[in-house]
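Here's the structure, in structure tokens; my notes come after.
Note that this is a predicted model, so its numbers are computed, not measured. Letters go in sequence order (proteins before strands), and every chain restarts at 1.
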2 protein chains.
Amino acid sequence: MIDAVTIKDVKLQLGELCKQKRQSYEMSQEDLAEALDISRYTIQKFENGKNATLDTVLKIANHFDLLNNLYQALKDIEKSNDINSLY
Amino acid sequence: MIDAVTIKDVKLQLGELCKQKRQSYEMSQEDLAEALDISRYTIQKFENGKNATLDTVLKIANHFDLLNNLYQALKDIEKSNDINSLY
DNA sequence: TATATTTGTGTATTATAATAAACAATAAAA
DNA sequence: TTTTATTGTTTATTATAATACACAAATATA
């Protein structure tokens with residue numbers, strides 16, 4: 001039970017993932033901001049684990065082709081709930 | 001290729017999932033809002049697919065014990081990126 | 001080394017998410 | 001049907017995410 005993932009942990013990890021994906025595409029924060037038509041400062045804050053809006057997070061996820069995965073994951077959670085309700 | 005999941009799709013699905021989880025615990029929007037110390041209006045808007053902040057989404061996810069899953073999923077994506085970079 | 005690029009920070013302003021309160025519209029229970 | 005609870009919606013206010021701009025600090029490149 002090395003559990004207890006906090007909200008802060010998730011936000012930091014989201015930022016890390018953004019940074020890693022961005023760098024794998026050899027994009028600067030400026031490049032990504034331009035591509036998504038949002039400010040570099042928003043990217044900057046997000047990559048450093050600060051709070052953000054869902055729209056910002058999903059724009060970034062979309063740009064790195066993670067939207068389908070996310071959507072499917074949500075559907076799976078929903079489905080697993082349905083299954084549990086049968087027992 | 002019945003692809004093309006949109007940002008709106010994901011937001012709607014997030015709202016649906018919140019509603020389903022909440023109802024599976026037999027909580028009203030008011031109950032959930034109280035438990036998370038946020039306003040019912042914020043829950044209301046989120047469940048109907050409106051934009052929200054990451055903090056709001058993660059508070060809700062945390063209440064339904066989805067934070068570990070989410071964190072692990074993010075780690076997995078990060079790791080799959082590392083693997084690709086080896087080829 | 002110097003130069004260019006990228007990232008981190010600061011300040012002020014704008015846009016909007018969150019809040020609070022009330023009330024109407026449904027839905028569920030008596 | 002009447003209550004009762006829940007959900008949807010409106011308005012006004014507050015809190016804060018997002019923007020724009022500049023500049024310093026750190027990295028990378030010539």
Query raised in the report: Please give, in whole Å, the distance from dC21(D) P to Ile38(A) CD1?
Result: 16 Å
**Report entry** Closest to the Arg40(B) side chain, choosing from dT19(D), dG8(D), dT7(C)
**Finding:** dG8(D)
Query raised in the report: Rounded to whole angstrom units, what separation is found between the CD atom of Glu34(B) and the P atom of dT19(C)?
Result: 13 Å
Query raised in the report: Sub-3.5 Å donor-acceptor pair from the side chain of Asp9(B) to the main-chain atoms of Thr6(B), do we have one?
Result: yes
Query - Under 3.5 Å side-chain donor-acceptor pair for Gln20(A) and Glu78(B) - result: no
**Report entry** Backbone N/O of Ser28(B) and side chain of Asp31(B): donor-acceptor pair under 3.5 Å
**Finding:** yes
Query raised in the report: Within this structure, what is the CG-to-P distance between Leu36(B) and dA18(C), rounded to whole angstrom?
Result: 12 Å
Report task. Verify, without hydrogens or angle tests, whether Arg22(B) (side chain) and Met27(B) (backbone) share a donor-acceptor contact under 3.5 angstrom. Result -> yes
Query raised in the report: Which of residues 11-32 of chain B sit near DNA chain D, with a heavy atom under 4.0 Å from it?
Result: Arg22(B), Ser28(B), Gln29(B)
Query raised in the report: Same cluster or not: are Leu58(A) and Leu12(B) linked, directly or through other Ile, Leu, Val, Met, Phe, Trp or Tyr residues, by side-chain heavy atoms under 4.5 angstrom apart?
Result: no
Query raised in the report: What is the distance from OH of Tyr41(A) to P of dA20(D), rounded to the nearest Å?
Result: 14 Å
Report task. Measure the distance from CG on Leu54(B) to C1' on dA17(C) and round it to the nearest whole Å. Result -> 13 Å
Requested in this report: Could you state the atom-to-atom distance from CD of Glu47(A) to P of dA26(D) in whole Å?
Outcome: 19 Å
Query - Side chain of Thr56(B) (C-beta onward), nearest among dG10(C), dA18(C), dA17(C) - result: dA18(C)
Report summary line: dist Leu54(B):CG -> Phe46(A):CZ (nearest 0.5 Å) comes out at 6.5 Å
Query raised in the report: Given dA18(C), dA17(D), dG10(C), which nucleotide is nearest the side-chain atoms of Thr42(B)?
Result: dA18(C)
Requested in this report: Could you state the atom-to-atom distance from CD1 of Ile60(A) to C1' of dA18(D) in whole Å?
Outcome: 12 Å
Query raised in the report: Can you name the nearest heavy-atom pair linking Leu32(B) to Cys18(B), along with the distance?
Result: CD2-SG, 4.0 Å
Query raised in the report: When the distance from CG of Asn48(B) to C1' of dT6(D) is rounded to whole Å, what number comes out?
Result: 13 Å
Query raised in the report: Which nucleotide, dA18(D), dT7(C), dT9(D), lies nearest any side-chain atom of Gln44(A)?
Result: dT7(C)
